[in-house]
Amino acid sequence: MRMRDEIVDYQGVEEEEGGDETVSFYPGAVVVVGYALTSKKIKSFLQPKFQDLARKKGIVFVAIDQSRPLSEQGPFHIVLHKLSGKEWRKVLEDYRQLHPEVTVLDPPDAIQHVYNRQSMLQDVADLDLSDTYGTVGVPRQLVIKKDPSSIPDAVSKAGLKLPLVAKPLVAKSHELSLAYDCYSLEMLEPPLVLQEFVNHGGVLFKVYVVGDAIKVVRRFSLPDVSKRELSKSAGVYRFPRVSCAAASADDADLEPCVAELPPRPLLEKLSRELRRRLGLHLFNMDIIREHGTLDRYYVIDINYFPGYGKMPGYEHIFTNFLLSLVQSNKYEKHC
Ligand SMILES: O=P(O)(O)O[C@@H]1[C@@H](OP(=O)(O)O)[C@H](OP(=O)(O)O)[C@H](O)[C@H](OP(=O)(O)O)[C@H]1OP(=O)(O)O
Ligand SMILES: Nc1ncnc2c1ncn2[C@@H]1O[C@H](COP(=O)(O)OP(=O)(O)O)[C@@H](O)[C@H]1O
Ligand SMILES: [Mg+2]
Ligand SMILES: [Mg+2]
């Protein structure tokens, strides 16, 4: 792939005269991003305000036509995608082999790893982060692959404490339940993950990662379950999407010990390590702090390419990230 030489002078981007040949067929563009996203995602992510800012910075977004070979499209500096299916993964893998100069956000294998609720948290568990700012782990959990009748025995052997959150193994499915006794879990359909419920004051922290930038917001979550409530309750209760964007808790009047954000150095260290271990640039994490502690944190969920459109200031963070990716690629090529 060879692109037409052209020198463009755009705000925040320095083009070295004669030093770069990766300028595209899109007039004036410094960075060409091919995207393959669902229409829902296009609406929430590619908002007009974001596209305007991007254009001013020399970034253009070009829709990928899935009915045509990817290599015949572009040329792109970056391919941004969130589509599912084996065929699409194969298209991307072949393209990555053929075009190592293009940054594919993110590699299909790395995405698959976080689409499984068992493997998704494995890297956090292996990391077992502990420093002066606190500890970060994952709630104890058990995977049930088939036979639901084996659940009560498996739960007692593993020594898991009730209540338990039952989550479909496939992370794209959001049909979650809270179980107050393990016999009722026999009613659920494996494959699933059973995770100890951790009281956290009803608020969680959503930590958005965009390359090396992070942004934290508060969202409402499931309320604490008291010992008294647990002793009086039985059964399995389906719960809806409790921590969706509409459940922002940033402006709520919260107890200070619940509202206080996790220390930034801890989040930076965690995000940096996970980015490296997961091989992803774009994800968010749901983090809770055990109620009654000041510094015991748990990661309960990791989402690939989440709803960045709801992240405050995403327009600037994202455009800077795309520019820095292309700049660092150039730098690597020249060194
Ligand atoms: O489309 P959006 O902007 O509502 O984003 C969804 C996110 O919603 P939110 O940011 O909470 O409002 C949503 O975020 P949460 O799970 O609520 O953290 C998911 O990331 C969802 O992706 P998937 O279905 O898990 O692959 C995201 O859905 P898709 O990326 O599949 O569209
Ligand atoms: N181990 C847990 N302890 C306490 N609350 C939890 C736990 N796991 C999940 N939740 C609650 O359930 C919600 C959904 O769970 P999550 O794992 O984030 O699934 P999803 O991928 O559907 O967002 C969380 O936002 C949180 O409110
Ligand atoms: Mg979640
Ligand atoms: Mg999730």
Side-chain angles (χ1 to χ4, degrees), residues 40-41 44 82 84 111-125 135-144 155 158-180 182 185 188 191-209 216-227 229-230 233 236-250 252 254 258 262 274 278 280 282-293 296-308 310-311:
K40 174 178 168 247
K41 199 71 176 171
S44 73
K82 188 175 181 184
S84 37
I111 299 173
Q112 283 307 107
H113 185 73
V114 294
Y115 275 171
N116 174 303
R117 292 191 197 266
Q118 182 179 24
S119 49
M120 145 206 299
L121 298 181
Q122 195 51 56
D123 295 276
V124 183
T135 64
V136 183
V138 297
R140 291 200 304 155
Q141 66 177 36
L142 179 66
V143 180
I144 306 288
V155 167
L160 290 192
K161 279 204 251 124
L162 293 160
L164 296 175
V165 187
K167 311 184 183 186
L169 189 58
V170 178
K172 283 234 145 227
S173 171
H174 303 284
E175 300 230 315
L176 275 65
S177 310
L178 188 61
Y180 290 94
C182 59
L185 286 165
L188 296 175
L192 45 86
V193 167
L194 300 175
Q195 196 175 79
E196 282 188 348
F197 180 87
V198 178
N199 281 340
H200 54 282
V203 170
L204 64 74
F205 307 103
K206 217 165 248 293
V207 181
Y208 290 93
V209 176
V216 196
V217 298
R218 298 179 192 87
R219 296 256 178 106
F220 282 113
S221 177
L222 291 177
D224 289 354
V225 178
S226 67
K227 283 202 176 112
E229 188 188 340
L230 179 63
S233 317
V236 172
Y237 299 87
R238 281 252 155 98
F239 59 87
R241 303 207 57 180
V242 274
S243 308
C244 60
S248 169
D250 277 324
L254 302 166
V258 169
L274 284 184
L278 297 170
L280 295 174
L282 302 176
F283 60 96
N284 75 8
M285 298 173 262
D286 292 345
I287 299 185
I288 54 179
R289 178 172 51 227
E290 188 165 1
H291 205 176
T293 77
R296 195 175 303 158
Y297 295 94
Y298 294 90
V299 178
I300 54 170
D301 188 23
I302 298 178
N303 302 294
Y304 178 63
F305 197 162
Y308 285 117
K310 295 134 201 164
M311 177 179 98

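Order of listing sets the numbers, starting from 1, for every ligand and every atom in it. For the numbers below, each heavy atom of this structure counts, side chains included, while hydrogens, waters and symmetry mates do not.
- Atom 15 (O) of ligand 2 has its nearest heavy-atom neighbour, among Val299, Leu176, Asn199, in Leu176.
- Ligand-side atoms of ligand 2 in range of Ser243: 24 (C), 25 (O), 27 (O), range being under 4.0 angstrom from any heavy atom.
- Look at Glu196 and you'll find a heavy atom under 4.0 Å from some atom of ligand 2.
- Residues satisfying the side-chain contact (heavy atoms from CB on, under 4.5 Å) test with Pro139, not counting sequence neighbours, are Gln195, Val198, Tyr298, Ile300.
- Contacts of Val165 with ligand 2, taken as heavy-atom pairs under 4.0 Å, involve the side chain alone.
- The ligand atoms of ligand 2 that sit less than 4.0 angstrom from a heavy atom of Val242 are 13 (C), 27 (O).
- Under a 4.0 Å criterion applied to the non-hydrogen atoms of His200, ligand 2 contributes the atoms 4 (C), 5 (N).
- Rounding to the nearest 0.5 Å places CD of Glu175 at 10.5 Å from CG of Leu188.
- Distances from atom 19 (O) of ligand 2 to the heavy atoms of Arg117, Arg241, Met120, His174 show the closest one on Arg117.
- A donor-acceptor pair is defined here as one N or O able to donate and one able to accept, closer than 3.5 Å; no such pair exists between the side chain of Arg296 and the backbone of Glu290.
- Looking at ligand 2, you won't find any N or O of Ser173 less than 3.5 Å from one of its N or O atoms.
- Contact of the Val217 side chain with the Lys310 side chain is not registered, since no non-hydrogen atoms from C-beta on lie closer than 4.5 Å.
- Of the polar atoms of Asp301, at least one N or O is found under 3.5 Å from an N or O of ligand 2, judged by distance alone.
- The backbone N or O of His113 sits less than 3.5 Å from a side-chain atom of Ser119, completing a donor-acceptor pair.
- Residue Lys167 approaches ligand 2 through these ligand atoms, each under 4.0 Å from one of its heavy atoms: 8 (N), 9 (C), 16 (P), 17 (O).
- Looking at Asp301 and the Mg ion (ligand 3) together, the shortest N, O or S contact belongs to OD2.
- Within Asp286, the N, O or S atom at minimum distance from the Mg ion (ligand 3) carries the name OD2.
- Between Leu204 and ligand 2, not a single N/O pair is under 3.5 Å apart.
- A distance-only check finds no donor-acceptor pair linking the side chain of Asn116 to the backbone of Leu169 [under 3.5 Å].
- Taking every heavy atom of Leu222 and a limit of under 4.0 angstrom, the matching atoms of ligand 2 come to 11 (C), 27 (O).
- Under 4.0 Å from ligand 2, heavy atoms of Ser221 appear from its side chain as well as its backbone.
- The main-chain N or O of Phe305 is found under 3.5 Å from a side-chain atom of Lys41 such that the two form a donor-acceptor pair.
- Atoms of ligand 2 found under 4.0 Å from any heavy atom of Pro139 (numbered from 1 in listed order, with element): 1 (N).
- Heavy-atom distances between Phe239 and ligand 2 reach below 4.0 Å in at least one pair.
- In this structure a side-chain-to-backbone donor-acceptor pair under 3.5 Å is present from Ser243 to Phe220.
- Checked against Arg218 for a side chain to side chain contact (heavy atoms under 4.5 Å, CB included), the options Leu204, Leu254, Val258 give a single hit: Leu254.
- For ligand 2, the atoms sitting less than 4.0 Å from at least one non-hydrogen atom of Asp286 are 18 (O), numbered in the order shown with element in parentheses.
- Under a 4.0 angstrom heavy-atom cut-off, Gln141 registers as lying outside contact with ligand 2.
- Distance alone, capped at 3.5 Å, is enough to place a donor-acceptor pair between the Asp224 side chain and the His200 backbone.
- The option from Lys206, Met285, Gln195, Arg219 that lies nearest to atom 1 (N) of ligand 2, judged by heavy atoms, is Gln195.
- In this structure, the side chain of Tyr208 does not engage the main chain of Met285 through any donor-acceptor pair within 3.5 Å.
- Expressed to the nearest 0.5 Å, how far CG of Asn303 lies from CG of Asp286 amounts to 5.5 Å.
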